[in-house]
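Following: one structure in structure tokens, then a few remarks.
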Amino acid sequence: MRRSELDQPAQVVAQTLLGALLTHSVADGVVSVRITEVEAYGGVGADPASHAHRGRTPGNEVMFAMPGTLYVYFVYGMHWCANVVCGPGSDASAVLLRGAAVVEGVGLSRRRRPTVRRDSDLAKGPANLAAALGLSGSANGLDLLRRGSPVRLSKAGSRPVETKRVGVGPRVGVGRATDRPWRWWIIDDPTVSRYRAGRGRTPR
DNA sequence: GCGACGATCTCA
DNA sequence: GAGATCGTCGCC
């Protein structure tokens, strides 16, 4: 996958990433997933629901890195979530990876998620996706396009997803800017998470 | 320095 | 439908 494909607004990149492959290689082995559900988040001042909305802080600085950088953050005191930093430029927009199908390394991902029954649940939901891939804070800031990087993004061997098979709707669990249909998923795919409305909040 | 709250998940 | 669980940021 070329950097220029990611050097675009997150809403564009989000749809590009459907069907793409994300691979994490460690000493124990490799887990590779096919992305089935994504959400776009805007940059500074552009999206009240984005971590970058209020500007650069030590916690969100990776969002300001170049497109193709992996942004991993910690939520709810126990979960990690993974994002692909987008553009244009380093505008701090990003795409949250919410769902995926494990296509390689099912055994390793099952060891990371021992309670899971169905394979389709291994990387269903953003925190589960990060867990199945073994992504945590130490992967924050990695370049997903650099040759030799432990976490890689590619479209090799993946057919583009047909437009008619892509669903669109509001983001999950987001309490601000709830009117933006910035979530995309592959229709009828069992690895797409269930929709839950966010707690309502006064716009900021 | 403090406290509210969050891009979640699991189980009842 | 609620609890687990804690880092981060904004505000006092």
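Within every chain, numbering begins at 1; the chains are lettered A, B, ... in the order of the sequence lines, protein sequences first and strands thereafter.
Rounded to whole angstrom, the span from the NZ atom of A:Lys124 across to the P atom of B:dC9 amounts to 11 Å. One atom, CG of A:Asn128, and another, C1' of B:dA7, lie 14 Å apart when rounded to the nearest Å. Spacing between atom CH2 of A:Trp184 and atom C1' of B:dA7 amounts to 14 Å, rounded to whole angstrom units. Between the P atom of B:dA7 and the CH2 atom of A:Trp185 lies a distance of 19 Å, rounded to the nearest Å. Atom OH of A:Tyr195 and atom P of B:dC9 are 15 Å apart (whole Å). Put simply, CZ on A:Arg183 is 14 Å from C1' on B:dT8, counting in whole angstrom units. For A:Glu61 and C:dC9, the CD to C1' distance is 15 Å, given to the nearest whole Å.
Look at A:Arg194 and you won't find any side-chain N or O under 4.0 angstrom from OP1 or OP2 of B:dC9. Dashed line: the shortest gap from a side-chain N or O of A:Arg113 to OP1 or OP2 of B:dT10 is under 4.0 Å.
Within the nucleic acid shown, A:Ala49 comes within 4.0 Å of at least one base atom, counting heavy atoms only.
Residues passing the side-chain contact (heavy atoms from CB on, under 4.5 Å) test with A:Val174 are A:Tyr41, A:Ala49, A:Arg171, sequence neighbours excluded. Residues forming a salt bridge (Lys or Arg N to Asp or Glu O under 4.0 Å) with A:Arg3 (at least two apart in sequence, or on another chain): A:Asp143.
Within the structure, every pair that satisfies the side-chain hydrogen bond (donor to acceptor under 3.5 Å, both in side chains) test and touches residues 91-103 of chain A, not counting sequence neighbours, is listed here: A:Glu37-A:Arg98, A:Asp91-A:Ser93, A:Arg98-A:Ser193. Residue pairs that meet the ring pair (Phe, Tyr, Trp, His ring centres under 6.0 Å) test with at least one member in residues 80-117 of chain A, sequence neighbours left out, are A:Phe74-A:Trp80.
The ring of A:Tyr41 lies on top of the base of B:dA7, close enough and flat enough: under 5.5 Å between centres, under 30° between planes.
Note: A:Thr36 OG1 to A:Arg165 CZ = 10.5 Å, rounded to the nearest 0.5 Å. With rounding to the nearest 0.5 angstrom, the CG atom of A:Leu96 is 8.5 Å from the NE2 atom of A:His51.
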Restricting to nitrogen or oxygen on both sides, can you table the protein-nucleotides 5-8 of chain C pairs closer than 3.5 Å?
{"residue": "C:dT5", "atom": "O2", "partner": "A:Tyr76", "partner atom": "O", "Å": "2.7"}

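Here A:Asp119 pairs with A:Arg110 in a salt bridge; the nearest charged N to carboxylate O distance falls below 4.0 Å.
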Dot-bracket notation for DNA chain C, counting Watson-Crick and G-U pairs under 3.5 Å, with | for partners on another strand: ||||.||||||.
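For C:dT5 and B:dC2, the P atoms lie 23 Å apart once the distance is rounded to whole Å.
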